[in-house]
Amino acid sequence: MLLIPCPWCGPREDDEFTFGGEADFPRPAEPEALTDEQWADYLFMRDNRRGRHREQWCHTAGCRRWFIVERDTVTNEILGAGTYGGSP
Amino acid sequence: MSQPFRLDHGGRVDRDTPLQFTFDGRPIDAFRGDTVASALLANGVTLVGRSFKYHRPRGIVSAGAEDPNAFVQLGHGARTLPNRLGTVTAATLGLKVRHVNAWPNLEYDLMSAFGLVAPFIPAGFYYKTLMWPRRFWPLYEHVLRHAAGLGHAPTAADPDRYDHVHAHCDVLVVGAGPAGLAAAHAAVQSGARVLLVDEQSEAGGSLLSTDERVDGLPAPQWAATATAELAATPGVTVLPNTTAFGLYESNLVLLAERLRTDQPDDAGSESGARVWRVLPRQIVLATGAHERPLLFANNDRPGVMLAGAISTYVRRYAVAPGSRAVLFTNNDSAYRTALDLTDAGVPVAAIADVRTDTDGDLPSEARAQGIPIHAGAAVRRAHGRGRVAAAELCSLDGAPLGTVECDLLGVSGGFAPALHLHAQASGPTEWDPTLAAFAPRPGSGIHPAGAVAGELDLAATLRQGTQAGSAAAAAVGCSNGSEPEVPRATESTQAPIQPYWLPPGDLAGAKPQFVDLHEDVTLDDLRLSLREGYESIEHVKRYTTLGMGPDQGKLANPLATGVIAQLLGRDPASVGTPRHRPAYSPVSLGAIAGRHIGPLADPVRVTPMQDWHEAAGARFENVGQWRRAWYYPQPGESMHEAVARECLAVRHRVGILDYSTLGKIEITGPDAGEFLDRVYTNAWKRLRPGRCRYGLMLGEDGMIFDDGVTARLDDQRYLMFTSTSNAAPVLAWLEQWLQTEWPDLRVYLTSVSEHWSNIALAGPRSRDVLAAAGTDIPLAGRDFPFMTFREGHVAGVPTRVFRISFSGELSYEINVAADRARHVWESLVDAGRPLGITPYGTETMHVLRAEKGFIIVGQETDGSVTPSDVGLGRLLSRRKDFLGKRSLSRPDSVRPDRKQLVGLLTDDPAQVLPEGGHVVDDPGPQRPLPMRGHVTSSYVSPVLGRSIALAMVSGGRAALGERLYVATLHNDRWLPARSCHPVFYDPAGARQHA
């Protein structure tokens, strides 16, 4: 079990959350300006890092806010959490 | 004579409370405080089961959770429990105990014939041999299942209740032996909230089987006092009969608390067991150690026991497990057993010690008692069939040292820390050469203490436990400022052990030597595995099934590490152990499920009209968690007849559908239109208030994710309908974009699915029904045209009425607050009765929409379908970006041979195509057949008087009218059909605009 520190609600069991994949993957501002390869890279390619990993989580069964968690993918240790703006 | 092996005095059993249970129907006398195993031994029962593969006779090996043999079936009927360990099950009045793995009975096991052919069924036999011919698989399986019996599952539903408990504490102490009790005391003195658990019914662990003293008291008495003090302290919980069986990330610990142990099995109790989910801030691991067995021929004979277990039976249970003993050891602890046996009047005929130096305190004491000690000696073989009758001794170079008669052969190969929990959560471990075993290193928030940390001396264990307890308390900020007192015991010194894995030289040739008693894995099996190249311990495990039994290889794995290391000439540290996995001991499935069974397994959602549907005789189908009315059969009507009647009623008169389950999301804010423009493929900002529009939502990969109608309620407010099963995913999707990508947009989303019920009236007379029910909304077509909505009253209740249609008929969808919905529904039904109003269910809804070629997301689409694929390319805006747009120009998205939505009409109008059926051009002899597509929806259309189907067919749109064939579940039966435009009924759409 992961004890996930929701910035708005505090630490909760992972049952309450939905995983949203790697963070810091902004949508390209002008998709039409990208080559097929660049667009496919945005669509499909993720780093799947070993070690420190910034990822998106949603407190689905709680405040329904999306936020960022930094987790060690080897030990599953949660190293921190942050919001997408605003403070709790 | 009753209990011939019960000692006259001593022990922790309550001789004033005799009780009786049965083993295979035979009465067994016992005392309160006995386990099933101790009572069987007291009665001279040595044979408790047959082994898993060879059906060799097996006896009790240990006095705890590590036993590989003592698995029994408890109770009978619905409450029976398979695979419980007799060594940890309390003997209770009237308990019915049966063996688990012999046929037809324990003494005459026909399956033991497997033992005679053992040389022909080595490890890997099943994989290699029972593979072909394939058609014999069911036969093999039947025979093997019968042979490999491991008890029987109950055949009726368990009448007991099981519970889950969620708990928090500062310090969880696992194990209430000397280290655990000392740790709990220290933590409590520092002011920490403590949870102390122990798998046995009585706390004390090894203290219950020693004659040592703690703080001047006999050890068992000290344990009882310390436990009582803890239990009486506020903030402390002591749980006996509770196994910590799993340790997970964030140090979540799962406990199984057995509550039924003191109940006669057929009396039952309210709650059979509890599973605790505990999130402690710190953990003291005081789980002790398991004694290691030693290898010699026939080391599996009943009467071969762990030396420490013998001491436990003698001291704790006042049972002599035999009448004449031989001990075989590589360390000092077996000498204590020799002294315990001598004390109890059981002669010890010999001690074989592989060490040449046997001059320590304990060996000297044993020697002084006149026990013959053979230094530098080993047991080569056990003699006897149903039970040990003698031990054949030899020196380590193989020279015979004679055969010694005995009915009890105690073995001690040293102690392996019970680090299972620690290792389950990937806690760090390291090879400890003084133990010749892996020991845990302190992990994050985990403090090992006592035998699990490699400490075997009582005084040092108490000290270590105290330190661990106060360190754990200090880590959570608890301290009373003073050093906690350490319970005192006499220090002792033990000579080091000498690892003994593989019998040297030709001793190893004596067979069979069992490494894993439960799984019948022998030394030869390990050799075979290594010879065939399976050298990693994980491969050895999978090849031989080492450690795969319900005992989880607690005895076998620590032994196998050393044996494999020696066979490979490698360092045991590099060999490692197989991965430790939960559960440490078997946990009944009922306890894991808890109350999440039956109606509580998953919530059931119903609409406010549920009672009405039931009273009307509706059949229901599950749509996600929703229970929806499926069709409403009249007496004697089949489903087919009911659906046909409902369909024709809608097409010719009027029908009424409970469509409350649709997802509804209110979207508000100044940027709501901009937001919709980004998530929908079509344009929204210019939609006027009061109007509705059908929208398609795509994933960024350009594939259809959801569809539905959205209405503009006012300038800054929209109401979005989603498909029933997608309501939650759509909301999450929208929130994710809004929160993570577009936080600058001033838009707010609210789920109003449950707030609004939705009643659909459909059919040419629906306008008349609405008027008859009473409404202040002008209904004439020019006042209230298609794809608009109006607010007003229906049957006296405020509503929002949408002129949208999923049937292709004139239709009104009436949104009404859920608490008034039943009234409006009944008013409409009453008003419509003279017009022949017919309630219809989801099946009819599906037929009607299929006649119109309307897709259902998840039925026509499967996550690989673009808007153009289903003929909705006209909904793709060219003037703006939207999610998924860029993907629609990827080369794969514009391939002309993509699967496209077409209609299919069978040559025989009575034939209904199977949904999911493969579509091919020509079912000729060619194999494999190139596939053109698949049938997505298929129904009988009552209004058309024939079958219709929708299909996704490669390049289908450009080839409408082509000849195709659809596969059926019957080999070589193909149904001929022709493709057509997917709108079968009223292609011009005149009816819905009426």
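Here is the naming used below: chain letters follow the sequence lines, and residue numbers restart at 1 for every chain.
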Part of A:Trp66 lying under 4.5 Å from any heavy atom of chain B: both
If you count heavy-atom pairs under 4.5 Å between each of B:Asp701, B:Asn251, B:Asp881 and chain A, which one has the most? B:Asp881
Can a donor-acceptor pair be found, under 3.5 Å and without considering hydrogens, that links the side chain of B:Asp677 to the backbone of B:Glu674? no
With distance as the sole criterion, is a donor-acceptor pair present between the side chains of B:Glu700 and A:Tyr42 under 3.5 Å? yes
Between B:Ser426, B:Pro891, B:Ser889, which has the largest tally of heavy atom pairs under 4.5 Å with chain A? B:Pro891
Tell me, for A:Leu43 versus chain B, whether the close heavy atoms (under 4.5 Å) come from the side chain, the backbone, both or neither. side chain
State whether a side-chain donor-acceptor pair under 3.5 Å links B:Ser877 with B:Asn682. no
Counting only heavy atoms closer than 4.5 Å, note whether B:Glu741 contacts chain A via side chain, backbone, both or neither. side chain
Which answer fits A:Asp36, side chain, backbone, both or neither, if we ask what part of it has an atom under 4.5 Å from a heavy atom of chain B? both
Check each atom of B:Ser887 against the heavy atoms of chain A and say whether the ones under 4.5 Å are side chain, backbone, both or neither. both
Between A:Gln56 and chain B, which part of the residue has a heavy atom less than 4.5 Å away: side chain, backbone, both or neither? side chain
Ring centroid separation B:Phe705 to B:Trp733 under 6.0 Å: yes
Residue part contacting chain A, namely of B:Leu738, when any heavy atom lies under 4.5 Å: neither
Donor on one side chain, acceptor on other, A:Trp57 and A:Thr18, under 3.5 Å: no
B:His164 side chain vs B:Ala591 backbone, donor-acceptor pair below 3.5 Å: yes
Please tell me whether B:His447 and B:Gln282 have a donor and an acceptor in their side chains that are separated by less than 3.5 angstrom. yes
Atom group of A:Glu13 that falls short of 4.5 Å from chain B, counting heavy atoms: side chain
